[in-house]
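The next block holds one structure in the form of C-alpha cells; read it before the comments.
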Amino acid sequence: MSIIIKGGTVVTAEGQARADVLIVGEKVHAVGVGLDAPAGARTIDASGAFVMPGGIDPHTHMELPFMGTVASEDFFSGTSAAAAGGTTMIIDFVIPAPKESLLAAYKKWRGWAEKAAADYSFHVAVTWWDESVAADMGTLCREHGVNSFKHFMAYKNAIMVDDEVLISSFLRAKELGAICTVHAENGELVFRLQREVFERGITGPEGHPLSRPPEVEGEAANRAIRIAEVIGVPVYIVHNSCFDSMEAIARAKAEGQRVFGEVLAQHLVIDDSVYLNPDWDRAAAFVMSPPFRAKEHQAALWKGLQGGVLDTTATDHCCFCAPQKRGGAGDPAMTDFRKIPNGTGGIEDRMSVLWHHGVGAGRLTPSEFVAVTSTNTAKVFNIHPRKGAIAPGSDADIVIWDPAGSRTISAKTHHQKVDTNIYEGMTVTGVAAVTLSRGRVLWENGQLKTQPGTGRYIDRPCFPDYWTAQMRRNEACTPRGVARTLPKR
Ligand code: URQ
Ligand code: ZN
Ligand code: ZN
C-alpha cells in the first residue's frame with residue numbers, strides 16, 4: 001500500500017519546508033516537492049497542515065500494578081488514545097517487584113503489551129540488587145533490545161532503591177552501554193514529611209504536595225547527577241517538576257556533563273492550587289509524584305524547555321479512576337493521602353497542550369516542538385532516524401497536524417480509559433488531523449481506526465553515540481575536565 005501526503009509543510013527538528021511525503025509500505029520512501037503518486041496510491045491532502053514525525057512519549061505506565069490497584073488504561077486503549085492526539089510510540093516501564101527477576105517481569109509486561117495498537121518499547125526498573133539483577137540486565141540488553149534502566153529514589157518500602165543500588169546499577173549500565181534514568185525524589189524525606197503532615201491532621205489530597213516539596217526533588221536530582229558524574233555515565237532525570245531539579249541539571253550541563261532532562265506536559269500548565277479543590281475526588285485526581293507545583297515553577301520549566309536544560313516531554317500516563325483513588329485512601333471520613341494511588345493521565349493531550357502553550361504562545365518554533373515531542377527522545381533512546389524523523393527509510397510514523405483546529409479537552413469526549421481529565425475544560429488550538437503508524441492510518445476525521453495487536457515492540461540498541469563519547473571523555477578526564485593523570489612518583 002502506498003500513500004502520498006501532498007501539499008503539506010514538512011516539519012522536522014532541523015527545520016520546515018513545503019514538501020510531499022511518499023510512503024511505501026511501512027516506510028517513508030521519499031520527501032520532496034511535486035512527487036508523483038504511484039499507481040493505486042492513496043493521496044492525503046495536507047494543504048495548510050504540518051506534516052511531522054509522530055509524537056514519542058518516553059514515559060507511560062499502561063495497566064501498571066501499583067499501590068494496591070492496577071492503572072485503568074491498558075496498552076490497546078492507551079496507544080489508541082495516544083494516536084488520537086498525534087503520538088505514535090510509547091516507552092513504557094517494566095517495574096519488577098523487589099526480588100522479582102527483571103527478565104521474568106519483562107516477559108510478563110511483553111505479554112500485556114501484545115494488544116498495543118501502536119509501537120512501544122520498555123525501560124526496565126532496577127528495584128533491588130544482587131548478581132542475578134546484573135545478569136538479567138545483560139540479557140535484556142543483549143537479547144531483548146533494552147537500552148535503559150529506571151531507578152526510583154522515592155516510594156520507600158516499595159520500589160525505592162538506595163545509593164548502593166544506584167551505584168551498582170549505574171556501573172553495570174556503563175558496562176552494557178545502557179542509559180540510566182531516575183525518578184528523583186528523596187524517598188526518606190518524603191516518608192518522614194508524609195508522617196509529619198498526616199499527624200498534624202492534614203489527611204486529604206492537600207497533604208500530598210506538602211510532603212514532597214521541591215527541595216526533596218532537587219536533592220535527589222543532584223545526588224543522581226553527582227553519582228553519574230563520578231561513575232562517568234550519562235543520566236536521564238524523568239519528570240522534572242520544579243526549579244530545584246532543573247537547577248541541578250543546568251549546573252551539570254554547564255560543566256559539560258551528559259545529563260538529559262524530561263518534563264511532563266502537565267507540569268508546564270497546571271499548578272498546585274488543584275489540591276485545594278473542595279471536591280475530594282477532583283483533588284485526588286491530581287495526586288501524582290512529583291506533585292503539581294506553585295506557578296513560578298512552570299515559568300522555570302518553560303525556560304528550561306526553551307533553553308535546552310530540558311530535552312524531552314512526556315506524560316507519565318498512569319491512570320486511576322475515582323473509586324481507585326478513594327479505595328486507596330480508605331475511610332472517607334479520615335482518608336490517608338499517603339495511600340492515594342499516585343498517577344495522572346494525559347497521553348491524548350500532550351501534543352495539543354504543548355502546541356497551544358508552546359508554539360501558540362511563541363515559546364517554541366514548530367521545529368522545536370518536533371524536537372521535544374519526538375526527535376530528542378528518539379536520539380536519547382537510540383532509535384533515530386528509524387523513529388522521530390521524516391526521511392527515506394524512517395518508519396512512516398507521521399502526524400498531519402492542523403494548526404488551526406481547536407478542541408476543548410474533556411473526560412466526556414477523550415479516548416483515555418479514565419473517568420477524569422487533568423486538563424478538563426482547557427481549549428487548545430492545534431490538533432492531530434491524521435495519525436499514521438508505519439504507514440497505517442490510526443486516526444482521521446475524528447475517528448480511531450486502531451486494531452489491537454498491530455503495534456510492534458521496538459528494539460533499542462545499546463551504545464548510543466553519546467555513550468561512546470562519554471567513555472572516551474572518561475579516559476581523558478573527569479566530566480569537569482580535570483585530567484585523570486596520576487601524580488608522578
Ligand atoms: O512515579 C511514577 O512515575 C509512576 C509510579 C507514576 N505515578 C506518578 O505519580 N508519577
Ligand atoms: Zn516517577
Ligand atoms: Zn512514571
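Atoms within each ligand, like the ligands themselves, are counted from 1 in listed order. Treat the numbers as computed from the prediction; the structure is a model and nothing was measured. Just so you know, residue 1 is the first one in the sequence shown, and it goes up from there.
- For atom 9 (O) of ligand 1, the nearest non-hydrogen atom of the protein is Ser289 N, 2.7 Å.
- No donor-acceptor contact under 3.5 angstrom links the side chains of His123 and Thr181, judged on distance only.
- Taking backbone and side-chain atoms together, His239 has no N/O/S atom less than 2.8 Å away from the Zn ion (ligand 3).
- In summary, the side chains of Glu143 and Thr139 do not present any donor paired with an acceptor at a separation below 3.5 Å, with no hydrogens or angles considered.
- The closest side-chain donor-acceptor pair between Tyr236 and Thr312 falls under 3.5 angstrom.
- Considering just the N/O/S atoms of His61, the one nearest the Zn ion (ligand 3) carries the name NE2.
- Using bins of under 30°, 30° to 60° and over 60° for the plane-to-plane angle, the ring pair Trp467/Phe463 lands in the perpendicular bin.
- Between Tyr106 and Tyr457, the ring-plane angle classifies as perpendicular under the 30° and 60° cut-offs.
- Using a 4.0 Å cut-off between charged side-chain N and carboxylate O, Asp119 and Arg456 make no salt bridge.
- Within Asp316, the N/O/S atom positioned nearest the Zn ion (ligand 3) carries the name OD1.
- Between the Zn ion (ligand 2) and the N, O or S atoms of His183, the shortest distance is to ND1.
- The protein atom (non-hydrogen) at minimum distance from atom 4 (C) of ligand 1 is His61 NE2, 3.4 Å.
- Atom 7 (N) of ligand 1 has as its closest protein heavy atom Asn342 O, 3.1 Å.
- The distance from ligand 1 to the heavy atoms of His239 drops below 4.0 Å at these ligand atoms: 3 (O).
- Close N/O approach between Tyr155 and ligand 1 is found [any backbone or side-chain N/O within under 3.5 Å].
- Using modelled atom types, one finds no donor on one side chain facing an acceptor on the other under 3.5 Å when comparing Arg350 with Thr315.
- The contact set between ligand 1 and His59, taken as ligand atoms under 4.0 Å from a residue heavy atom, comprises 3 (O).
- Annotation for ligand 1: atoms under 4.0 Å from non-hydrogen atoms of Met288 are 9 (O), 10 (N).
- Between Lys325 and Asp281, none of the side-chain N atoms (NZ, or NE/NH1/NH2) sits under 4.0 Å from a carboxylate O, so this pair counts as no salt bridge.
- Taking a cutoff of 4.0 Å between a charged side-chain nitrogen and a carboxylate oxygen, Arg192 and Glu196 do not qualify as a salt bridge.
- Within the 4.0 Å heavy-atom criterion, the part of Asp316 lying near ligand 1 is the side chain and not the backbone.
- At least one N/O/S atom of His59, whether from backbone or side chain, sits less than 2.8 Å from the Zn ion (ligand 3).
- When each atom of ligand 1 is checked for a heavy atom of Cys318 under 4.0 Å away, the hits are 6 (C).
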